[in-house]
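Comments concern the structure below.
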Amino acid sequence: MKKEIFCLLGLNFIMAIYSFALTLSDTKAIELGKQWYPNELRQDCQRIHFPVSVDNPNFGLFLHSRDNSGDYHFPLIFKIPDDPNDYVLLAWNDCLGTIWWRLLKTVDGGQTFQLVCDNNKPIGIVAEWSSFRLVELTGDNIPELVWEGSGIGANGKGQGLAAWQWRNGCFVPITPYETDNLTNSDSNYNNGLVTNSYIEIDDLEGDGTAEVIVGPGMLMHWDEDENSGEDDVTWTTDSPTVVWRYDGIKYVKWYELDPNEPYAIYVPSLGAFHPSTIPFSELSNPGNGKISIFISDPAGNSTADDFAQNSFECNGVSLTFKKIWKNNKQPEENSANFEFVGVPVKQFVRKSQGEWQTNPSDPFILSPDQKMEYHFCGKYVELETNKALIFPQLKEKSEKFFSENPNKTEYFATIPIRAKFKNNKISQTSALICIKKTGNVAEKEKSQNTDSSKTTNPKQTEKK
């Protein structure tokens with residue numbers, strides 16, 4: 001199943017969303033949705049004596065925004081590079097649970113619209129949550145249309161994905177048609193990729209083209225407890241993790257992975273900056289100095305010796321490999337007494353509540369509640385980079401945190417670090433650093449608080 005590390009670190013592949021100038025009111029959007037409603041949809045609903053969804057004012061109910069903040073407010077409005085037209089994608093979730101879309105074009109700023117094309121095969125994956133977005137997948141600087149769905153399968157946690165590429169003025173499907181126990185095998189549907197575990201998009205090769213990772217299929221088993229009479233549900237994997245790669249025309253199966261491998265593609269590590277705590281004021285004046293980063297021995301069977309030493313980067317900034325340290329404090333992973341995001345660590349109760357500073361000969365990070373120290377076990381890597389390359393992003397994150405939390409004096413920031421192993425697996429690391437609100441920020445706030453305390457409410461003049 002999907003590992004916690006994905007939630008903590010996220011993916012580094014940048015999703016390109018294309019801005020647009022055209023705006024449509026909700027009233028106009030509903031009007032277009034009714035006007036261009038596919039007749040095939042109406043016929044299907046009428047055939048099974050089910051209410052036609054377009055007759056409901058909220059017929060986009062099951063289409064949601066990607067961040068799940070509310071209902072998906074179609075249409076999706078966008079421009080295509082080097083194309084002066086505005087495009088409008090309408091989508092419908094029909095009575096059978098399938099998804100249809102139609103693409104409109106306007107050349108006069110939304111006064112009139114014309115049909116460009118549609119998905120002549122609806123998406124036949126029934127999902128509780130669906131969304132459309134534009135994503136740069138193929139490296140040609142023209143966005144692909146991606147549909148994502150979740151809440152699929154017996155466990156209600158499965159995911160589905162379908163993608164279309166812009167060709168000759170329309171979107172054409174580039175994800176394969178797959179048939180399994182979660183999909184409708186009717187060839188009249190475009191099912192894309194589906195699994196009851198997880199789907200991820202990432203550029204695994206670093207070539208600017210995204211791969212699609214489809215997690216292993218999970219099989220549910222029911223065993224009745226003789227004592228309670230209740231069913232005990234267990235899950236086993238029944239199909240491998242599959243990686244799909246774009247071949248210039250469509251996505252094809254690249255390779256399969258052992259479904260029981262806990263770190264099939266991404267292997268977590270822990271990271272700590274040194275110095276570990278820095279003043280906020282220093283972020284604006286990094287100078288020409290260097291800062292070090294220590295990366296722990298990774299989870300699973302990989303070790304620090306397995307890193308591809310020239311592959312470390314942080315948000316596009318290359319990090320210089322310095323050396324691999326032999327750990328004299330906890331020389332082996334079996335020295336660990338705890339595991340954090342899959343990484344074996346030596347856990348100690350934090351004795352001092354003072355400023356956090358790790359030691360290069362015994363690096364550690366703090367637990368989220370700052371009550372525990374998680375010391376690295378086994379060998380670890382030392383990296384180095386110029387402060388001027390990494391401090392601007394730290395400054396931006398810190399300013400946002402302190403503005404939203406004015407009473408806080410410390411901000412523990414995590415910086416994503418990516419690397420590859422010699423076997424092409426990907427290292428996913430969050431390196432921890434503490435920003436202390438001192439210097440200009442603290443003095444400014446102290447001054448503001450002092451001035452505020454001296455201010456009194458004006459008294460009314462007493463009438464005589």
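In this chain, numbering begins with 1 at the start of the sequence shown. Please read all numbers here as calculations on a predicted model, not as lab measurements.
Within a 6.0 Å sphere centred on CG of Asp207, heavy atoms belonging to other residues, nucleotides or ligands number more than 12. For Lys379, the NZ atom is loosely surrounded, since the number of other residues' heavy atoms within 6.0 Å does not exceed 12. Around atom NZ of Lys387, more than 12 heavy atoms belonging to other residues, nucleotides or ligands sit under 6.0 Å away. Residue-environment remark: CG (Asp82) stays at or below the threshold of 12 foreign heavy atoms within 6.0 Å. When the shell of 6.0 Å around CG of Asn301 is examined, it contains 12 or fewer heavy atoms from other residues, nucleotides or ligands.
Between Glu410 and Lys437 there is no salt bridge, since no side-chain nitrogen of the basic residue lies less than 4.0 Å from a carboxylate oxygen of the acidic one. Here Lys420 does not pair with Glu313 in a salt bridge; the nearest charged N to carboxylate O distance is not below 4.0 Å. A salt bridge does not link Lys105 with Asp86: every distance from a Lys NZ or Arg NE/NH1/NH2 to an Asp or Glu carboxylate oxygen is 4.0 Å or more. Taking a cutoff of 4.0 Å between a charged side-chain nitrogen and a carboxylate oxygen, Glu404 and Lys400 qualify as a salt bridge.
In this structure, Lys250 and Thr175 have side chains that are not in contact, with every pair of non-hydrogen atoms separated by 4.5 Å or more. Counting heavy atoms from C-beta outward, Leu115 and Trp36 have side chains that approach closer than 4.5 Å. Residues Cys314 and Thr385 form no side-chain contact, since every pair of their non-hydrogen atoms from C-beta on lies 4.5 Å or further apart. Contact annotation: the side chain of Leu90 never approaches that of Trp100 to less than 4.5 Å [non-hydrogen atoms, C-beta and beyond]. By the 4.5 Å heavy-atom criterion applied to side chains, Pro275 and Ile291 are counted as neighbours. In this structure, Ile77 and Thr23 have side chains that are not in contact, with every pair of non-hydrogen atoms separated by 4.5 Å or more. Side-chain contact between Glu136 and Pro143: absent, with no pair of heavy atoms (C-beta onward) separated by less than 4.5 Å. For the pair Glu282 and Phe391, the minimum side-chain heavy-atom distance is below 4.5 Å.
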Item to check | Candidate pair Asp202 and Tyr266, rule side chain to side chain donor-acceptor pair (under 3.5 Å), full reasoning | outcome: CA-CA 11 Å; Asp202 200 358; Tyr266 302 98; 2.5 Å; yes

Next on the checklist: Before you tell me yes or no, could you show the steps for Thr241 and Glu256 under side chain to side chain donor-acceptor pair (under 3.5 Å), namely the whole-Å CA-CA distance, both residues' side-chain angles and the distance that decides it to 0.1 Å?
Outcome noted: CA-CA 6 Å; Thr241 296; Glu256 296 182 352; over 6 Å; no

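Heavy-atom minimum distance, Lys290 versus Asn386: NZ-OD1, 2.8 Å. Of all heavy-atom pairs between Pro416 and Asn315, the closest is CG-OD1, 3.6 Å. When all heavy atoms of Arg418 and Leu204 are compared, the closest pair comes out as NH2-CA, 4.4 Å. Pairing each heavy atom of Ile295 with each of Phe376, the nearest pair is C-CE2, 3.9 Å. Annotation for Ile293 and Ala431: closest pair CG2-CB, 4.0 Å, computed over non-hydrogen atoms. Of all non-hydrogen atoms in Ile324 and Gln309, the two that sit nearest each other are CD1-NE2, 4.3 Å.
With hydrogens and angles left out, the side-chain atoms of Gln165 and Tyr246 include a donor and acceptor closer than 3.5 Å. Inspection of the Tyr87 and Asp83 side chains reveals an N or O donor paired with an N or O acceptor under 3.5 Å.
A distance-only check finds a donor-acceptor pair linking the side chain of Ser311 to the backbone of Ala308 [under 3.5 Å]. In this structure a side-chain-to-backbone donor-acceptor pair under 3.5 Å is missing from Asp297 to Gly378. Side chain of Asp203 to backbone of Gly206: a donor-acceptor contact under 3.5 angstrom is found.
Ring orientation note: the planes of Phe132 and Trp164 are tilted relative to one another, at an angle of 30° to 60°. Ring orientation note: the planes of Phe78 and Phe171 are tilted relative to one another, at an angle of 30° to 60°. Taking the six-membered ring for Trp and thresholds of 30 and 60 degrees, Phe294 and Tyr380 have ring planes more than 60 degrees apart, a perpendicular arrangement. Using a 30° and 60° split on the angle between ring planes, Phe307 and Phe421 fall in the parallel class, below 30°.
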